[in-house]
Amino acid sequence: QPHEGAWGLGLGESSRDRQGGNTIEEAIMITDLSDGGSSVVGTTESYDNNYDEQCSSFSDAPDVVYSFTPSINMFVNMSTCYSGFDTKIYVYENTQGVLAQTVNGQPACNDDYYLGDLQGDCTNYTSFIEGVSMIAGNTYYIIVDGYNTASYGEYVLNFDSYKPLTGYTIFISDDVA
């Protein structure tokens, strides 16, 4: 059965504003994650501390909110690589307090993925969630938060499709038993 829509396309009209909203009710709608790895930038400075999830610890840092309603079922990677502060990201499914799940059955919540050996070329203490499971028609609220009161500032929120076979070589055999 063919799918309508394409990976990364959402429902609704996107805001021209890419700065995250202060609350879920004011969330900035994203409608397209498909351009080969999309991102939004903004700041949490001067925003309120409205939400918090215990990825590793609770925080009272300011946070901002985006919303995305996919047009088809999809899995999405999210990161705050290149952000200017110690970030934390988490994703609510349809309502505050209900964390979306990842392909591994874990809650979509992360603090400090890019640290030490995993830092690579990303800013230290930034976040990554692999394979957030998104169901067509459900609304997902993506929260960019900080580790503590002093963790706020400019962020880069990156989106990319989940590719479970990245880094693997697939061999095809002509011998089929």
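Worth saying up front: this structure is predicted, and the values here are computed from it rather than measured.
The hydrophobic cluster containing Val144 does not contain Val41, counting ILVMFWY residues as joined when their side-chain heavy atoms lie under 4.5 angstrom apart, directly or transitively. Hydrophobic clustering of Ile, Leu, Val, Met, Phe, Trp and Tyr side chains at less than 4.5 Å, counting indirect connections, keeps Met74 apart from Tyr141. In the hydrophobic clustering of ILVMFWY residues, with side-chain heavy atoms under 4.5 Å counting as a link, Val132 and Val65 come out apart. The cluster map of Ile, Leu, Val, Met, Phe, Trp and Tyr, joined by side-chain heavy atoms under 4.5 Å apart, puts Tyr92 and Ile89 in different clusters. By the criterion of side-chain heavy atoms lying less than 4.5 angstrom apart, applied directly or through intervening Ile, Leu, Val, Met, Phe, Trp or Tyr residues, Tyr140 is grouped together with Ile28 in one hydrophobic cluster.
No side-chain donor-acceptor contact under 3.5 Å links Thr87 and Thr126. Between the side chains of Asp48 and Asn22, a donor-acceptor pair is found at a separation under 3.5 Å. Judged purely by distance below 3.5 Å, without hydrogens or angles, the side chains of Glu93 and Asn138 pair a donor atom with an acceptor atom.
Put simply, the side chain of Met29 does not reach to within 4.5 Å of the side chain of Phe68, judged on heavy atoms. Annotation: side chain of Asn148 is not in contact with side chain of Asp86 (no heavy-atom distance under 4.5 Å). By the 4.5 Å heavy-atom criterion applied to side chains, Asn110 and Thr80 are not counted as neighbours. Glu53 has its side chain within reach of Leu99: a pair of non-hydrogen atoms, C-beta onward, lies under 4.5 Å apart.
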Problem - Chi angles and distances behind the side chain to side chain contact (heavy atoms under 4.5 Å, CB included) call for Gln19, Val64 - result: CA-CA 8 Å; Gln19 168 62 48; Val64 296; 3.6 Å; yes
Handout entry: Stepwise side chain to side chain donor-acceptor pair (under 3.5 Å) check, Thr139 with Ser67
Key = CA-CA 7 Å; Thr139 298; Ser67 69; over 6 Å; no
Exercise for the section: Show your reasoning for whether side chain to side chain contact (heavy atoms under 4.5 Å, CB included) applies to Met78 and Ile142. Expected result: CA-CA 9 Å; Met78 301 177 190; Ile142 302 142; 4.1 Å; yes
Exercise for the section: Just do the side chain to side chain donor-acceptor pair (under 3.5 Å) check on Asp112 and Tyr147 with the steps written out, would you? Expected result: CA-CA 9 Å; Asp112 295 347; Tyr147 171 71; over 6 Å; no
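Side chain of Asp160 to backbone of Asn77: no donor-acceptor contact under 3.5 angstrom is found. At distances below 3.5 Å, not a single donor-acceptor pair connects side-chain atoms of Tyr51 with backbone N or O atoms of Tyr90. Put simply, the side chain of Thr43 gets close to the backbone of Glu45: a donor and an acceptor are under 3.5 Å apart. For the pair Ser133 (side chain) and Val103 (backbone), a donor-acceptor distance under 3.5 Å is absent. Without hydrogens or angle criteria, Ser59 side chain to Gly146 main chain gives a donor-acceptor distance under 3.5 Å.
Here the CZ atom belonging to Phe75 is positioned 11.5 Å from the OG atom belonging to Ser161, to the nearest 0.5 angstrom. In this structure, CG on Asn49 lies 6.5 Å from CG on Asp145, to the nearest 0.5 angstrom. Taking OH from Tyr125 and OG from Ser83, the interatomic distance works out to 15.5 Å, rounded to the nearest 0.5 Å.
Here the two rings, on Tyr113 and Phe128, have centers that are under 6.0 Å apart.
Looking at every heavy atom in both residues, Met134 comes nearest to Val76 through SD-CG2, 3.8 Å. Closest approach of Pro70 to Ile135, counting heavy atoms only: CG-O, 3.5 Å. Shortest non-hydrogen contact noted between Ser151 and Ala61 is O-CB, 3.4 Å. Taking each heavy atom of Thr102 and Pro107 in turn, the nearest pair found is CG2-O, 4.2 Å.
By the 4.0 Å N-to-carboxylate-O rule, Lys88 lies too far from Asp63 to be salt-bridged with it.
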Donor-acceptor contacts, no H, no angles, side chain residues 152-159, under 3.5 Å, sequence neighbours left out:
from: Tyr155; atom 1: OH; to: Gly20; atom 2: N; distance (Å): 3.1
from: Tyr155; atom 1: OH; to: Tyr66; atom 2: OH; distance (Å): 2.6
from: Asn158; atom 1: ND2; to: Ser79; atom 2: OG; distance (Å): 3.2
from: Asn158; atom 1: ND2; to: Cys81; atom 2: O; distance (Å): 3.4

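Looking at residues two or more places apart in sequence or on another chain, you find a side-chain contact (heavy atoms from CB on, under 4.5 Å) between Gln54 and Phe58.
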